[in-house]
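Reviewing the structure listed below.
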Amino acid sequence: MLDRLRSIVQEVSTAKDLQSALDIIVNRVREALHTQVCSIYLLDQEFHCHVLMASEGLNKDAVGRVSLELGEGLVGLVAKHAEPVNLRDAPLHPHFQYLADTGEEDFHAFLGVPIIHHRSVLGVLIVQHRERRRFDEGEEAFLVTLSAQLAGVIAHAEATGAIEGISPSGHRIFDTAFSGVSGCAGVAIGTSVVIYPHADLSHIPERLIDDVEAEVDYFNACLNAVREEMRELNEQVGGRLAEEERLLFDAYVRILDDDALGNEVVERIRMGHWAQGALGHVANEHLRAFESMEDEYMRERAVDIRDLCARVLSHLQQEKPDKPEYPDDTILVGEELTASTLVEVPKNKLKGLISVKGSGNSHVAILARTMGTPTVMGAVDLPFHQLDGKPLIVDGYKGEVVTNPSEHLLEQFRATIREQEELNRDLAGLKDLPCETADNHRVSLWVNTGLMSDVPRSLDQGAEGIGLFRTEVPFLLAERFPSEQEQTDIYREQLDTCAPKPVTMRTLDIGGDKALSYFPIEEANPFLGWRGIRVTLDHPEIFTAQVRAMMRASIGLDNLQIMLPMVSNVREVETAASLIRKSYHELLQEGADLPFPPIGVMIELPAAVYQTRALARMVDFVSIGSNDLTQYLLAVDRNNPRVANLFSSYHPAVLSALQHVVDQAHAENKPVSICGEMAGNPGAAVLLVAMGFDILSMNAAALLRVKSVIRSMTLEAGRKLLGKVMRMEDEQLIRNAVDMALYEAGVDRLLRSQRVN
Ligand code: PEP
Ligand code: MG
């Protein structure tokens with residue numbers, strides 16, 4: 001049974017489009033269950049009905065023409081309850097709806113199961129039989145399992161059609177929305193540029209070309225280059241191979257000589273596709289076919305095909321490096337965007353970002369917020385390969401991407417962009433005003449930085465200091481560990497530009513989702529593993545070079561603070577502090593003249609929350625990293641789009657942990673700040689001020705928004721709101737209560753629509 005399931009799923013996933021996928025399903029399921037009918041109805045959102053999309057056993061003419069209104073018939077019943085319906089004699093059921101065109105009057109036994117993807121019912125998979133009998137438990141379980149596995153494939157095929165502007169039943173459609181989560185609030189309209197990893201066959205975007213003959217020649221030249229390469233390799237290793245291995249190698253090389261694969265690619269190029277895309281398409285079709293074969297030896301051949309095609313791809317890419325052209329309204333789209341890909345796009349051209357993987361708390365989203373670029377993360381169902389060059393809307397408020405935008409919708413979004421611009425102009429007037437509540441309670445607004453370019457922008461927004469300089473960002477962009485002198489130069493620039501305002505430099509926080517290409521950390525659970533201070537304490541040479549560089553950079557400026565990430569116990573702080581002291585004394589001995597910098601600890605783990613008092617006693621300040629604290633308190637991976645909706649700063653457990661840390665740090669007379677993304681959310685900021693935080697540190701783009709909201713409320717009103725939400729048990733109610741309070745205080749609609757993650 002398992003084999004049959006696997007082979008159906010494999011076969012369906014090789015289908016070229018939705019219709020062929022559905023045809024394969026009805027065919028193979030009817031065969032596997034020995035039934036007389038297998039059909040699929042899919043929901044057509046646009047026309048609010050379920051359309052008969054494929055059938056084996058019913059009248060073929062009815063396919064694509066017969067439909068049922070929502071809730072109508074047994075199909076409607078299965079879809080409505082999202083549960084299987086298994087009937088001995090369907091026509092006797094009160095919901096049975098006789099559809100004359102289908103010829104189903106001859107069939108009595110009926111089993112319908114919902115096709116569910118991400119909690120929504122896409123359609124219904126049905127088998128029918130002439131006899132009056134219930135389908136047995138095994139058959140029902142088979143169909144349920146199959147439907148669950150196929151839902152993703154169907155959703156993907158549907159989405160691909162939607163991108164081309166076609167509904168499942170073949171109608172022209174507009175405004176198809178793909179949901180993800182908000183990465184950075186704001187709206188952008190633009191043209192997508194899809195970026196993809198190199199030499200990776202499964203991630204090549206579709207592109208069309210004009211000069212077909214030149215592309216064919218270019219492909220053939222690269223194919224010949226790989227043939228030549230393989231012949232040379234054969235000669236080099238030939239003598240060292242045993243007879244049996246030699247035969248295998250010959251068979252391997254013959255894959256290229258076999259004209260089939262090359263010809264198929266050329267055929268696809270002649271249809272107007274670029275060589276890379278054509279190769280990827282053909283290679284993937286062959287790979288899926290080989291991978292679904294029963295014979296293990298044949299399955300293994302997939303590895304050879306992948307390797308050879310990757311070699312050809314690499315030639316195609318090397319000889320004509322694909323430097324994307326960035327249009328003036330670029331929306332960068334990628335499966336997993338990284339910090340380095342973002343900085344490659346000229347700043348004035350980048351309008352929006354979409355990442356298929358990751359969530360609102362991934363580091364790339366944090367970077368996007370620093371740049372103020374509307375971003376959607378975790379748009380997992382978006383068939384991004386097909387998007388290159390297409391017009392898109394990025395709705396960073398809702399966390400949605402809209403493809404095929406209609407003129408009507410574009411006009412609505414243009415109006416929001418105008419509203420945004422107007423709001424920004426109003427906010428600019430707040431730059432030089434103090435951040436205080438309407439009843440004169442003063443709070444400090446600081447910023448988080450990573451790149452030097454963040455600093456002038458931050459100062460320009462009226463930042464009073466840097467609450468978090470993520471020192472790993474320059475490390476991430478380098479190709480080896482920066483030397484002590486290189487680090488000193490980078491840090492000096494930040495400290496100098498900000499002086500006399502304080503700069504909080506966090507010691508290297510790598511691991512988790514921040515990997516250095518030159519220092520790979522392979523772990524099953526990276527967020528629970530070797531991360532932050534755990535890495536640097538195990539490598540004191542890296543730690544001391546960094547803190548020495550920080551201190552040397554601060555000579556004469558005296559505005560440095562050092563902060564320790566990912567602390568889980570007092571011993572880590574003791575060890576780190578003693579390494580900092582040692583480095584400090586070395587610098588003094590070398591003749592440097594500087595004061596010992598204030599040291600702070602980040603509270604990012606539940607363990608640290610409960611040791612706040614002990615930790616606060618050992619340091620000069622405390623800062624909450626609410627991104628990680630929320631991730632660890634709620635056991636929600638901050639990068640995983642599947643659980644992104646569970647990541648909530650308004651969870652009562654998160655709010656009470658924050659209040660606890662503030663109270664405990666203050667009991668030791670130590671200032672407490674928050675430098676997680678929550679601080680940059682206007683609604684959350686009101687609660688944080690009421691909790692007693694001394695400093696809120698956020699991305700520069702959020703600063704004036706937060707200031708405007710704080711200035712429009714009294715501390716008294718904030719405290720009242722806090723008192724109320726602290727008694728609530730459900731994060732959704734808390735969210736509503738905060739939203740209502742902002743509404744009553746007359747806060748702008750766009751500031752309120754900035755969702756807190
Ligand atoms: C945090 O965890 O809240 C934090 C500020 O650190 P990072 O986001 O860099 O992990
Ligand atoms: Mg953190």
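Remember, it's 1-based here, ligands and their atoms both numbered in the order they're listed. Numbers for residues simply follow the sequence, beginning at 1.
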Provide, to 0.1 Å, the distance between atom 6 (O) of ligand 1 and the closest protein heavy atom, together with that atom's residue and name. Arg506 NH1, 2.9 Å
Side chain, backbone, both or neither: which part of Ile366 comes within less than 4.0 Å of ligand 1 when only heavy atoms are counted? side chain
Point-to-point distance, once rounded to the nearest 0.5 Å, from OG of Ser648 to CG of Leu655: 8.0 Å
Count the heavy atoms of every other residue, nucleotide or ligand shown that sit under 6.0 Å from CZ of Arg711, and state whether that count exceeds 12. yes
Around the Mg ion (ligand 2), how many protein N, O or S atoms are found at less than 2.8 Å? 2
Which segment of Leu468 sits under 4.0 Å of ligand 1 when only heavy atoms are counted: side chain
Check whether any side-chain N or O of Ser673 sits under 3.5 Å from a backbone N or O of Ser623 as a donor-acceptor pair, and report yes or no. no
Kindly assign one of parallel, tilted or perpendicular to the pair Phe519 and Trp530, based on the angle between their ring planes and the thresholds 30° and 60°. tilted
Among all protein heavy atoms, pick the one closest to atom 5 (C) of ligand 1 and tell me residue, atom and distance. Cys675 O, 3.4 Å
Any donor-acceptor N or O pair under 3.5 Å, side chains Tyr650, Gln732: no
Going by the order shown, which atoms of ligand 1 are within less than 4.0 Å of some heavy atom of Arg531? 10 (O)
Enumerated ligand 1 atoms positioned under 4.0 Å from heavy atoms of Gly676: 3 (O)
Nearest neighbour of atom 8 (O) of ligand 1 from the list Met678, Lys514, Met566, Arg638, on a heavy-atom basis: Arg638
Given the rule in the side-chain contact (heavy atoms from CB on, under 4.5 Å) test, do Leu696 and Val689 qualify, once you have shown the distances and angles that lead to the verdict? CA-CA 8 Å; Leu696 309 186; Val689 171; 4.2 Å; yes
Is Tyr584 atom OH crowded by more than 12 heavy atoms from other residues, nucleotides or ligands, each under 6.0 Å away? yes
Heavy-atom side-chain contact between Ile580 and Phe543 under 4.5 Å: yes
Strictly distance-based, threshold 3.5 Å: is any side-chain N or O of Gln546 a donor or acceptor partner for the main-chain N or O of Leu508? yes
Nearest protein heavy-atom contact for atom 7 (P) of ligand 1: which residue, which atom, what distance? His363 NE2, 3.3 Å
Could you tell me whether Lys349 atom NZ has more than 12 heavy atoms of other residues or ligands within 6.0 Å of it? yes
Indicate, as side chain, backbone, both or neither, the part of Arg470 found under 4.0 angstrom from ligand 1 when only non-hydrogen atoms are considered. side chain
